[in-house]
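Report on one structure; see the data block that follows.
Worth knowing before you read on, the calculation uses all heavy atoms, side chains too, and leaves out hydrogens, waters and symmetry mates. No experiment lies behind these values; they were computed from the predicted model shown.
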Amino acid sequence: DMMAAGLVYRKAAVVNWDPVDMTVLANEQVIDGRGWRSNALVERRELTQWFFRISDYSGELLEALDRLTNWPEKVRVMQANWIGKSRGLQFSFTTHDAPAGFDRLEVYTTRPDTLMGASFAAISPDHPLAKHLERHDPAIAAFVAECRRGGTSAEAMETAEKLGLDTGVRVLHPFDNSWTLPVYIANFVLMDFGTGAIFGCPAHDQRDFEFATRYALPILPVFVAEGGEETALTEAYVPMKSEPVRYLRGFAGAEVQTGEQAVAAAITACEAHGVGQGVTNYRLRDWGISRQRYWGCPIPVVHCDACGIVPENKENLPVELPYDVTLDIPGNPLDRHPTWRNCLCPKCGAPARRETDTMDTFMDSSWYYARFTAPHAKTPTDLAEAAYWMNVDQYIGGIEHAILHLLYSRFFARAMNATGHLPASAIEPFNALFTQGMVTHEIYKTTDHNGRPVYHLPEEILRSDTGATLKDGTKVDVIPSAKMSKSKKNVVDPMNIIGAFGADTARWFVMSDSPPERDVEWTASGAEATFKHLSRVWALSSRIGEMPADHAGLGDDDLARATARAIHEVTRGIETFAFNKAIAALYGFTNTLSRANASTGPMKEAIRTLVKLMSPMTPHLAEEIWTHQGGAGLCATAPWPLADAALLVDDSVTLPIQINGKRRAEINVPRDMAASEIEKIALANEDVVKFLAGQPVRKIIVVPGRIINVVV
RNA sequence: GCGGGUGUGGCGGAAUGGUAGACGCGACAGACUCAAAAUCUGUUUUCGCAAGAAGUGUCGGUUCGAGUCCGACCACCCGUACCA
């Protein structure tokens, strides 16, 4: 369906290729020791791959971010930056001394206002012109090959020198046909952005500046700081686009104007003179979904000599992977599996071959929520069910999915709408997003005789204040807390925690310590402390259970107030995802209850409320005590308690008294006492009189129910 | 470099512009015990015997009042990158 909707295409693209990928992946030890993989293993290769046209939706995906008001600002900003909208000019140079078929060179720039500072043009090593030239010129072929070998890691890119090679081709300046610029192949120009070709303005781009300096190209300033004069530059002058500057070599707009004004004026002027047109460009690239891996869903197309690329018939879907494969030799196992690979063309019936690329696993996570609305349907979704159940009210996930998964899902929902699988109301699949933190732990590392790192599980470690050792006394390096990961062995198996303390303890502890959007450090002592607390609750329940039915105590009223407050605070905490605050309120209420000496009825009522409030965190203990205290049915199905609003407000309040902003005394007054009355009491207060020491009061501020500030 | 975030006790962390440090951990003291563990009761921001003083990364500002708002800076964390 997506092919029919024109959302899928195939193209040759340069990708990072790890020639030993297949072999290393067969050996878990090597995959896991991620640090072992050196970038030298990765090379850049051109492969024909499958793509989704997510870039067709760049503008739409960007604009719709504003409507996701229940998403964190952070995630929306990350997506906006990732989509990366820019406004600029696309135009073509007329070439000179270029091979046949290359009489124009198309470039894109966001700074057309600097055209008069142009000193060279540069193309990507992957640009069609570069590819043409490399076939005829060994020096160019060698240089292009060198560029492709370059490291692809962040560090390699950052430290890479700006390298270029003059192609001998020249272009004419669009405003002056007697002005020619050399065309270089440059290693820093990317084929994937814009047109894969640029013009260089060294005076106002640091990258171009370095390049021009290296190859002795002219550096011609187009503008100077407002009030400044033209001087020789030691680095590129790149002020904010919102800053006004004075143009020495402008061609449109005022002499003094901001970069933004100049860019707009330059686009208008260029369009008027037939030099290119203003275009909006996006950084977002199409989504490459091809993987040369065994796992992943096969891409359901067939290659037929007669018919070309043909989608597999719907009745034959899904195309399933073969099980009899070997992973211990390099290469794609699907490629060398003839009985799976060979098939018949769905269109003409002639012998044909299956596509051996599999799909990126992000494919599956991009629409599972939609499938969940009709899990048994014979079609991918059922429109009526999808219309009923969509959207997801609250999505919870790690921040690591801020860009890829969450952007792909937004695209996929739109694509599924285009193919008739989702209603238009579901194009933004997640109404609200919450990004939770991770559970972290220290990492324990030793080194083997080959100098390779060996990691150890927390339960193999003896920890002391001074350091850590293995049980045999070997000293262990302790690396500060990091996301739990099997490869680093800094994991605590949930089964061990549950075995030692029970599931309730595990749940309570993980929620109690930190707000959920932050990481939480797993500590053994924290889990033990939780276990002790839950044991205290159980002991308290036993004590209350044994109270005589006719016990008459004191403070029934206070207990009712404390109960109302606990209901209020715990409920608010849970509703705002502030589980740590909800649990703090539960600790407080438990302490109050264990100290209370109220009558039997109110005590039993209070502990039933306590366990109901605890039940989301500790369901097992809650049910046990619920039954024990005579609760009807299941605690989990009993109605959530409601706080009596009248009990939430106290009759009297304690007001601190500040003198010049420093707390000096406090008074207790009826809640609804008039401000003028409070003033009198405050000024008569013994401590206040002492601190004032007879100084005249200049001003007195009474904030009812809050504070009193006396200014002298 | 760019974008985002975070800085509060020994630690995790609370505080609609209104008593900074709730709650928990840890530590210390006491009770119980022949003893220890467990349990219970206290204390626990720093300096000070106290009265008191200082204190939320740094410097400034707004305000009767700032952890909170504004400006500049510092440190750390996350993301991302030769984007023309």
Side-chain angles (χ1 to χ4, degrees), chain A residues 72-78 80-82 84-86 88-90 107-112 114 121-122 124 150 153-163 186-190 192-201 204-208 210-211 238 281-285 399-400 402-403 437 465 508-509 512-515 517-521 523 525-530 532-533 535-536 539 569 573 578 580-591 594-595 654-666 698-712:
Chain A
E73 177 67 17
K74 181 183 181 173
V75 173
R76 290 190 285 159
V77 168
M78 283 167 84
N81 292 344
W82 186 259
K85 183 177 181 171
S86 69
L89 180 77
Q90 187 165 326
V107 299
Y108 171 72
T109 177
T110 54
R111 293 307 299 261
T114 65
S124 163
S153 71
E155 301 97 291
M157 291 293 223
E158 189 155 4
T159 54
E161 281 187 275
K162 313 266 173 286
L163 294 178
N187 64 342
F188 62 88
V189 180
L190 305 177
D192 293 313
F193 187 79
T195 61
I198 62 163
F199 82 80
C201 177
H204 304 294
D205 182 291
Q206 188 55 32
R207 230 177 18 210
D208 295 348
E210 286 170 35
F211 192 82
V238 190
N281 237 310
Y282 295 93
R283 204 190 77 120
L284 182 66
R285 299 177 207 167
I399 188 68
E400 68 272 22
I403 295 175
D465 290 346
W508 176 285
F509 171 63
S512 67
D513 246 22
S514 297
E517 66 273 17
R518 268 192 234 181
D519 292 350
V520 59
E521 164 85 8
T523 57
S525 63
E528 275 165 36
T530 296
K532 283 183 195 173
H533 173 73
S535 304
R536 276 194 291 271
E569 285 171 20
N580 57 326
K581 287 185 245 171
I583 285 177
L586 285 169
Y587 271 113
F589 185 40
T590 307
N591 289 340
S594 65
R595 268 164 220 177
T654 302
L655 293 180
I657 302 173
Q658 295 182 334
I659 294 173
N660 286 344
K662 287 200 184 293
R663 182 182 170 281
R664 296 299 186 189
E666 63 180 37
R698 285 202 293 159
K699 195 171 174 186
I700 179 162
I701 292 128
V702 176
V703 184
R706 278 290 179 190
I707 203 163
I708 300 153
N709 193 9
V710 181
V711 185
V712 295

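Under the rule for a side chain to side chain donor-acceptor pair (under 3.5 Å), A/Ser594 has no partner lying at least two apart in sequence or in another chain. Listed by chain and number, the residues in a salt bridge (charged side-chain N to carboxylate O under 4.0 Å, His left out) with A/Asp205 are A/Arg207 (sequence neighbours excluded). By the salt bridge (charged side-chain N to carboxylate O under 4.0 Å, His left out) test, A/Arg664 pairs with no residue at all, sequence neighbours left out. A/Thr110 is linked by a side chain to side chain contact (heavy atoms under 4.5 Å, CB included) to A/Ser86, A/Tyr108, A/Lys241, counting only residues two or more places apart in sequence or in another chain. For A/Arg706, there are no salt bridge (charged side-chain N to carboxylate O under 4.0 Å, His left out) partners two or more places apart in sequence or in a different chain. Checked against side chain to side chain donor-acceptor pair (under 3.5 Å), A/Tyr282 has no partners two or more places apart in sequence or in another chain. For A/Glu666, the side chain to side chain donor-acceptor pair (under 3.5 Å) partners two or more places apart in sequence, or in a different chain, are A/Arg663. Residues satisfying the side chain to side chain donor-acceptor pair (under 3.5 Å) test with A/Gln90, not counting sequence neighbours, are A/Glu106. In this view, A/Phe188 and A/Phe211 satisfy the ring-ring contact (aromatic ring centres under 6.0 Å, His included) rule, not counting sequence neighbours.
Note: NE2 (A/His533) to P (B/C40) measures 11 Å, nearest angstrom. Residue A/Glu528 contributes atom CD, which lies 17 Å from atom P of B/G24 at whole-angstrom precision. The separation between A/Arg595 atom CZ and B/C40 atom P is 11 Å, rounded to whole Å.
In this model, the phosphate group of B/C83 is approached by a side-chain N or O of A/Arg207 to a distance below 4.0 Å at OP1 or OP2. OP1 or OP2 of B/G24 has at least one side-chain nitrogen or oxygen of A/Asn591 nearer than 4.0 Å.
Distance from the side chain of A/Trp82 is smallest for B/U80 among the nucleotides B/U80, B/A84, B/U19. Nearest to the side-chain atoms of A/Leu190 among the listed nucleotides B/G42, B/C25, B/A84 stands B/A84.
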In 5'-to-3' order, the base (B), backbone-only (S) or no-contact (-) status of each nucleotide in nucleotides 11-17 of chain B, using a 4.0 angstrom heavy-atom cut-off, is -SSSSB-
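Scanning RNA chain B for stems, defined as runs of 3 or more consecutive Watson-Crick or G-U wobble pairs whose donor-acceptor distances all fall under 3.5 Å, gives the following ranges: B:1-7 with B:74-80, B:10-12 with B:23-25, B:26-31 with B:39-44, B:45-47 with B:52-54, B:57-61 with B:69-73.
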Distances under 3.5 Å only, N/O to N/O: pair up the protein atoms with those of nucleotides 53-55 of chain B.
from, atom 1, to, atom 2, distance (Å)
B/A53, OP1, A/Arg664, NH2, 3.3
B/A53, OP2, A/Arg664, NH1, 3.2

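Below 30°, between 30° and 60°, or above 60°: for A/Trp508 and A/Tyr587 the angle between ring planes is above 60°, a perpendicular geometry.
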